[in-house]
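Some notes on the structure that comes next.
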Number of protein chains: 2
Amino acid sequence: MEQTEKTEHIIEAAIKRFAHFGVHKTTLTEIADDLGITKQALAYYFPDKQALLEAVEQKIITEFFQLVNEHATAAPNAELSLLSLLEVKKSFFDKYAMLMQQVGPEMLANFSRVAESRKKVQAAVAVHIAQVLEQGIAKGELKPMDTTEVSMVLYETMSAYEHCFVGRQAVPDPHTFSEMCIRQKAVMQLIINGLKAN
Amino acid sequence: MEQTEKTEHIIEAAIKRFAHFGVHKTTLTEIADDLGITKQALAYYFPDKQALLEAVEQKIITEFFQLVNEHATAAPNAELSLLSLLEVKKSFFDKYAMLMQQVGPEMLANFSRVAESRKKVQAAVAVHIAQVLEQGIAKGELKPMDTTEVSMVLYETMSAYEHCFVGRQAVPDPHTFSEMCIRQKAVMQLIINGLKAN
DNA sequence: TTTTGACTTTTAATTTAAAAAAGTCAATAA
DNA sequence: TTATTGACTTTTTTAAATTAAAAGTCAAAA
């Protein structure tokens with residue numbers, strides 16, 4: 001088994017633990033045990049926990065943007081494109097529950113590089129939203145607007161709901177969570193209504 | 001000095017401490033000291049901390065709705081009425097900083113009746129918003145809509161931002177806070193745009 | 001190149017002890 | 001009877017110490 005393949009296996013094992021129990025609550029030894037190796041062997045591929053988490057996040061981020069782009073190109077208009085973004089987010093929350101929690105003081109202290117990369121993801125999503133808006137304007141679906149400003153507001157509002165309902169708490173209970181998604185969609189819809197050209 | 005007057009003095013002294021240092025961090029002895037009495041004397045008027053906090057909250061709630069109603073009747077239309085609601089909220093955050101924090105597990109555990117009354121306030125604000133929307137519809141300013149649903153969304157969105165920026169943390173730093181208010185206003189404006197009749 | 005045993009350091013969880021605050025009540029004064 | 005207090009008990013917080021667990025290191029070996 002070559003190195004690339006091995007690191008992939010490790011990342012997948014890490015995701016299973018991280019997504020289910022949270023980064024904080026899973027030990028490197030547990031991940032190593034799952035793979036039938038020792039933590040020292042694991043350390044050979046990933047020098048420390050943060051390095052492993054970075055790789056995990058990178059994989060998920062790639063998956064996320066791939067899905068976002070697929071949905072965006074498939075969407076017939078800006079409105080449905082933005083709503084599908086919520087769907088994608090929802091599916092990621094379902095799939096990677098404990099990895100979706102917001103950046104808290106703990107992550108900032110222990111995993112500063114990961115916290116950094118989260119910021120980049122946020123910025124990238126905001127840029128994506130802005131592009132969707134611009135295409136909507138170009139097609140006459142939406143009124144002209146300051147797309148940067150509006151995309152910021154849209155992104156922040158979505159985040160605020162996530163932060164509010166899910167927060168940095170443990171396992172977000174399924175009912176509260178799906179309620180949150182419904183609410184999120186409702187605000188998004190109201191805002192989009194105001195953006196549409198008459 | 002008669003009883004009513006005395007309890008008023010106590011409430012005011014309590015507000016000063018609560019609003020500045022938070023309920024949790026101020027002791028009944030401190031409030032009593034400020035008034036030149038002992039905590040036992042204070043206990044004569046308010047049997048426990050929760051009773052005092054209830055009185056404090058009641059006073060502030062009354063002040064809040066009075067101001068809300070003044071602003072609402074003074075506002076020329078629904079749009080400005082809703083935006084002025086944000087101004088009123090902002091002024092209360094400025095004035096009663098530490099008393100404005102969201103209901104957390106701690107308040108729920110120690111001050112259950114206060115937590116209850118907070119829920120009623122939330123419901124009342126949502127009702128107020130719904131009324132403003134209905135008047136806007138009646139005057140032809142706004143499109144017909146499910147006012148209950150929309151008022152819920154508006155209220156929740158405002159709350160989500162507060163929760164997100166201010167949270168249940170200590171002193172919300174002034175810059176972050178005023179930034180929050182600007183953002184809040186931006187979302188509100190976007191949503192209102194979508195509610196307006198063409 | 002990869003893995004491990006044996007190790008040190010750091011961090012997290014638990015316990016314990018001390019301090020502070022809340023709450024009680026009989027007595028006392030107005 | 002109303003209001004207040006001293007002296008008290010109970011509960012909650014805080015701080016310190018202990019312990020346990022996880023992270024990280026490295027020379028030796030496969």
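Labels below follow one simple rule: chain letters A, B, ... track the order of the sequence lines, proteins then strands, and each chain is numbered from 1.
Rounding to whole angstrom units, CZ of residue B/F46 and C1' of C/dG23 are separated by 16 Å. For the pair B/E5 CD and D/dA3 P, the computed distance is 13 Å after rounding to whole Å. Distance, B/F111 CZ to D/dT11 P: 17 Å, rounded to whole Å. For the pair A/L52 CG and D/dA23 P, the interatomic distance rounds to 10 Å; values are reported in whole Å. Counting to the nearest Å, the C1' atom of C/dG5 and the OH atom of A/Y44 are 18 Å from each other. Spacing between atom CG of A/L35 and atom P of C/dT2 amounts to 16 Å, rounded to whole angstrom units. Between B/Q40 atom CD and C/dA29 atom P the separation is 16 Å, expressed in whole Å. Following rounding to the nearest Å, A/Q50 (CD) and D/dA22 (C1') show an atom-to-atom distance of 16 Å.
Taking the six-membered ring for Trp and thresholds of 30 and 60 degrees, B/F93 and B/F177 have ring planes inclined between 30 and 60 degrees apart.
Heavy-atom nearest nucleotides on DNA chain D were determined for B/L42 and for B/E106, and the one closer to the 5' end corresponds to B/L42.
Within the nucleic acid shown, A/K39 comes within 4.0 Å of at least one base atom, counting heavy atoms only. The residue A/Y45 sits close only to the backbone: its heavy atoms come under 4.0 Å of sugar-phosphate atoms, none of a base.
Counting only N and O atoms by type, the side chains of A/Q189 and A/E79 include a donor and acceptor under 3.5 Å apart. Neither side chain, A/Y96 nor A/E57, offers a donor N or O lying under 3.5 Å from an acceptor on the other. Side-chain contact, B/E106 with B/H24: a donor N or O sits under 3.5 Å from an acceptor N or O.
With D/dT13, D/dA23, C/dA22 as the candidates, the nucleotide lying closest to the side chain of A/T27 is D/dA23. Side-chain atoms of B/T38 lie closest to D/dT5 of the nucleotides D/dT5, C/dG23, D/dT25. In this structure, the nucleotide among C/dG5, D/dG24, D/dT4 sitting nearest to the side chain of A/L28 is D/dG24. In the set D/dT5, D/dG24, D/dA23, D/dG24 carries the atom at the smallest distance from any side-chain atom of A/D48.
Contact annotation: B/K6 side-chain N/O to D/dT4 OP1/OP2 distance is under 4.0 Å. B/K25 has no side-chain polar atom (N or O) that falls below the 4.0 Å cut-off from OP1 or OP2 of C/dA20.
Formation of a donor-acceptor pair under 3.5 Å by the A/S112 side chain with backbone atoms of A/L108 is not found in this model.
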